[in-house]
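This report refers to the structure that appears directly beneath it.
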Amino acid sequence: MKERIKRFNKRINIKTSYLVGLSTLSLILVCVFFSYAIFNIKIEKSGALNIVTANLYYKIESTDLDANNQIIIQPKGTKQIEVRITNLNSVKTAYNLWYKSNIPNNVQVTYDPVNDTSKGDMIDAYTSTNNSKLIKVILVNDNTTAVTISLGVRGGLFSKPLALEKTESAIPVAPFLKDALVTNLGVNGTVYEP
């Protein structure tokens, strides 16, 4: 009888140790899953404002541009045009005014920062009264042939850098206006008349 009790105790000890081990493993797994779930919830809550799943739309208006947002600059010509960019989105966005970068080297496309009051290339939502920007674009063609320049606008969130396609180049600030030393001398000696 004593022998049977010893066997029974051994069986209970072995079963108990398996049960304790299995319970411990289950508890560890439950803790890991809950901590991962809590971590995911915190990440989702903190990034919820940055989620944008829609396209951003803008409108470009200028009396100098055709229906395809293009303009022809005559040989050895300089032209200043006013472009109004309107935000058609329900959120404040950043924007980049761009031109097709497949133009000849002797052609420069810049903008006059004097009239750009944003100081950060931002446009308010379409529900705001400040949902558009008027920008003066300066086009200089030092070639002997006419050049067609395409303009466009691309937007994004103001917390992220804006990406352009390979054929697009952001329009930079006019180098002769950036320093504010000479305001009437253009690129390569051409005269800029505001």
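We're numbering straight along the sequence, starting at 1.
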Would Trp98 end up clustered with Val140 when hydrophobic side chains under 4.5 Å apart are linked, directly or stepwise?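 No, no single cluster joins them.
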Working to the nearest 0.5 angstrom, can you tell me the gap between [X] [atom1] and [Y] [atom2]?
X	Y	atom1	atom2	answer
Lys136	Glu82	NZ	CD	5.5 Å
Tyr111	Lys133	OH	NZ	10.5 Å
Ile73	Asn143	CD1	CG	11.5 Å
Leu97	Ile171	CG	CD1	3.5 Å
Gln80	Ile138	CD	CD1	5.5 Å
Asn106	Thr144	CG	OG1	9.0 Å

Who pairs with Ser132 by side-chain contact (heavy atoms from CB on, under 4.5 Å), at least two apart in sequence or on another chain? Arg84, Thr86
Asn69: partners by side-chain contact (heavy atoms from CB on, under 4.5 Å), with sequence neighbours left out: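 For Asn69, the residues satisfying side-chain contact (heavy atoms from CB on, under 4.5 Å) (neighbours in sequence not counted) are Ile60, Leu65.
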Can you check whether Gln74's main-chain N or O pairs, donor with acceptor, with Asn141's side chain at less than 3.5 Å? yes
Looking only at side-chain N and O atoms, does Asn87 offer a donor or acceptor that is under 3.5 Å from a partner on Asn89?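 Judged by distance alone, the side chains do pair up.
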Looking only at heavy atoms, which two atoms of [X] and [Y] are closest? And how far apart?
X	Y	result
Tyr99	Leu151	CB-CD2, 3.9 Å
Ala170	Leu164	N-CD1, 3.4 Å
Ala146	Pro75	N-CG, 3.7 Å

With the side chain counted from C-beta on, respond yes when Ile135 and Ile85 share a heavy-atom pair under 4.5 Å apart, and no when they do not.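 Yes - at least one pair of side-chain heavy atoms lies under 4.5 Å apart.
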If hydrophobic residues (ILVMFWY) are linked whenever their side-chain heavy atoms come closer than 4.5 Å, directly or via other members, who joins Val32 in its cluster?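 Via sub-4.5 Å side-chain contacts, Val32 links to Ile28.
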Apply the hydrophobic cluster definition, ILVMFWY joined by side-chain contacts under 4.5 Å directly or through others, and give me every member besides Ile38. none
With sequence neighbours excluded, give me every side chain to side chain donor-acceptor pair (under 3.5 Å) pair touching residues 147-156.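 Residue pairs with at least one partner in residues 147-156: Gln70-Ser150, Arg154-Glu165, Arg154-Glu168.
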Which residue pairs satisfy the salt bridge (Lys or Arg N to Asp or Glu O under 4.0 Å) criterion with at least one member in residues 18-41, sequence neighbours excluded? none
Not counting sequence neighbours, which residues clear salt bridge (Lys or Arg N to Asp or Glu O under 4.0 Å) with Lys79? List them please. none
